[in-house]
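Working notes for the structure below.
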Amino acid sequence: MTLADVLRSSAASVQGVPKPAERRPQITIPNANEGIVISKMDALLIDALGKDSPAIPMGVFATGVILLSGLGAFNNNTSKARQQTFMRLRIGAQGVTVALMMGSLMVQERAKALGIQ
C-alpha cells in the first residue's frame, strides 16, 4: 500500500463516502433511435396532462356549465346568495382550468426535453 492510497482512504473516511443515490422506479419508452428511461412520475404526468389530455377540455366544459347555470340564476331572479355562489364557483373552475393549462405546458416542455414528443 502506497502513501497515496493511505491518504485517499483517510480522506474518504474523514469526509464521508457519499451514499449512492436511491434508484427511482423507471419506465423505458421505446424510441426510433433508442430507449428513453423516465420515472413513473413523469410517465403519469405525461399521461394525465400531455398533449392529448382530456383534462383541459373537461375544465373548460365545467366552467361553461357553471357560467350558464349562473346566468340562468340571474335570469330567473333567484336569491342574490345563489347568484353569488355560482359566480364564485365559476371563478374557482376557471382557476383550476388555467392551472391545468400551465401544468400541461410544463409537462409538454418536459416531454420535449426528454425527447418523447
| said: Going by salt bridge (Lys or Arg N to Asp or Glu O under 4.0 Å), name the residues that satisfy it together with Arg110, two or more places apart in sequence or in a different chain. | reply: Asp42
| task | Could you state whether Val107 and Met41 fall into the same hydrophobic cluster, counting links through intermediate Ile, Leu, Val, Met, Phe, Trp or Tyr residues with side-chain heavy atoms under 4.5 angstrom apart? | result | yes
| said: Hydrophobic clustering (ILVMFWY, side-chain heavy atoms < 4.5 Å, transitive) - are Met101 and Val96 grouped together? | reply: yes
| query | Is the closest side-chain heavy-atom distance between Phe74 and Lys80 below 4.5 Å? | reply | no
| request: Measure the shortest side-chain to side-chain distance between Phe86 and Arg82 over non-hydrogen atoms and say whether it is less than 4.5 angstrom. | output: yes
| With Arg88, which residues qualify under side chain to side chain contact (heavy atoms under 4.5 Å, CB included), at least two apart? | Gln84
| remark: To the nearest 0.5 Å, atom CD1 of Ile38 lies from atom CD1 of Ile46 at 4.5 Å
| query | Say you draw a straight line from CZ of Arg90 to OG1 of Thr85; how long is it, rounded to the nearest 0.5 Å? | reply | 13.0 Å
| task | Scan for salt bridge (charged side-chain N to carboxylate O under 4.0 Å, His left out) pairs involving residues 64-73, sequence neighbours excluded, and state none if there are none. | result | none
| said: Quick check against the 3.5 Å criterion: does Asn75 have a side-chain atom that pairs as donor or acceptor with the backbone of Leu71? | reply: no
| remark: Residues passing the side chain to side chain donor-acceptor pair (under 3.5 Å) test with Ser104, sequence neighbours excluded, are Gln108
What side-chain donor-acceptor pairs closer than 3.5 Å can you find for residues 54-70, not counting sequence neighbours?
residue	atom	partner	partner atom	Å
Thr63	OG1	Gly59	O	2.8
Thr63	OG1	Thr97	OG1	3.4
Ser69	OG	Val65	O	2.9

